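Just so we're clear, the structure is a prediction, and the values are computed from it rather than from any experiment.
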Amino acid sequence: MLLIVPGVLKPDELKLARSWLADAPFVDGKLSAGAAARRVKQNEERDRGAGDVERLDQLVMGALTRHPMYRNGALPLHAASPMYARYRPGMVYGEHLDDPIMGTGGVMYRSDVAVTVFLSDAGAYDGGELVIRTAAGEQKVKGAAGDAVLYPASTIHHVSPVTRGERLVAVTWVQSLVRDPARRELLYGLNLAREKLLATAPEAEETAQVNAAYLNLIRMWSDL
């Protein structure tokens, strides 16, 4: 399931995030890449070892975790601290697959869901589309500033070359309560119906049945 999450960051939050990144130190993105991805990765990333990055993490992840579409789509159990990636003209991230197990300092997690939060206005740069291989073909995403996109981390994807301007994004990975992406997609659709029924017909028998089915599928499929 590829899910566009609108309005994760509000305009004032975007302005703050950009100001904190404007003078921040960036390093070669290859430093955080695995052996295979390192060959095709040409970008820059905010140096997490320099300066105060925790306040930026709190801003971005706080906004993300408050958004119901993120919570219902990702069903997060653990989320990584974001990487803040910058693409300038000529930079690209070729086709790759995210590492299945990530983490540092002894805290490891499985990457089930990849999340990109767009920090630059879409019109501020040319190229730079996130291109994701799906069963329906390639899906190109160039989100509005403040929007996010969620997709299975098990899919091959790439970032097209930037030819003008600057593409700035926050990227994180989620270990989901539900490992299987097909099951997460079913649960997301079922929950949309459940929430509508709870709002429009809370006393109806079918509402109770759908609610019970959703909750018990979460119980059955949770990977804890």
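For residues 212-224, the pairs satisfying side chain to side chain donor-acceptor pair (under 3.5 Å) are R110-D223, R179-D223, N216-R219, with sequence neighbours left out.
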Exercise for review: Show your working on side-chain contact (heavy atoms from CB on, under 4.5 Å) between K30 and Q42 and close with a plain yes or no.
Suggested key: CA-CA 7 Å; K30 286 183 170 63; Q42 300 174 34; 3.9 Å; yes

Check your understanding: How far apart are the C-alpha atoms of R48 and D57, what are their side-chain angles, what is the distance that settles it, and do they pass the side-chain contact (heavy atoms from CB on, under 4.5 Å) test?
Key -> CA-CA 10 Å; R48 293 198 59 86; D57 293 346; 2.6 Å; yes

Practice item. Applying side-chain contact (heavy atoms from CB on, under 4.5 Å), run through T155 and T134 and close with a yes or a no. Key: CA-CA 7 Å; T155 53; T134 73; 5.8 Å; no

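Remark: E166 engages R88 in a salt bridge (charged side-chain N to carboxylate O under 4.0 Å, His left out) (not counting sequence neighbours).
Other residues sharing a hydrophobic cluster with Y109 under the 4.5 Å side-chain heavy-atom criterion for ILVMFWY residues are L2, I4, V40, M83, Y87, M91, Y93, M102, F118, Y125, L130, I132, V141, V149, Y151, V159, V162, V169, V171, W173.
The side-chain contact (heavy atoms from CB on, under 4.5 Å) with I218 is formed by just one residue from the set L187, L190, N191; it is L187. Of the residues D112, L75, L150, V115, the one that meets the side-chain contact (heavy atoms from CB on, under 4.5 Å) test with V174 is V115.
The shortest side-chain heavy-atom distance between D98 and H96 falls under the 4.5 Å cut-off.
Side-chain atoms of K142 and S160 include no donor-acceptor pair closer than 3.5 Å.
Shown here is R38, whose CZ atom has more than 12 heavy atoms of other residues, nucleotides or ligands within 6.0 Å.
Here CH2 of W20 is found 12.0 Å from CG of L119. Values are rounded to the nearest 0.5 Å.
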